[in-house]
Amino acid sequence: MPEIEQSGVEEAAESDYESYLKQRSLNGALVKAAVVSGAWLALGAVVLGSGAMMRSDADVVGMDTAGREHPIVVMPIQAVGAKQ
């Protein structure tokens with residue numbers, strides 16, 4: 001009986017080590033993914049924050065100072081050689 005129990009203990013120890021290695025590699029991948037997603041979140045927050053702080057003037061986006069829309073005048077460019 002002791003030989004059977006001993007072989008079972010060795011197999012369990014090896015499988016525990018293999019599962020430890022799998023968990024360790026999974027934890028490493030999760031930590032890397034968390035760092036990358038955190039960096040993207042920080043970048044998005046900076047972009048949105050800077051966009052909110054540096055709003056363009058009302059006349060640039062087609063509004064007057066009272067907040068009413070007015071048409072943006074675009075000067076058409078005539079192609080060379082085009083007939084009028």
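Just so it is clear, the values below take in all heavy atoms, side chains as well, and ignore hydrogens, waters and symmetry mates.
With rounding to the nearest 0.5 angstrom, the CG atom of Leu26 is 12.0 Å from the OG atom of Ser19. Within the model, atoms NZ of Lys32 and CG of Asn27 stand 12.0 Å from one another, a figure rounded to the nearest 0.5 Å. In this structure, CZ in Arg24 is found 7.5 Å from OH in Tyr17, a value given to the nearest 0.5 Å.
No continuous path of ILVMFWY side-chain contacts below 4.5 Å connects Val31 to Val36, so the two sit in separate hydrophobic clusters.
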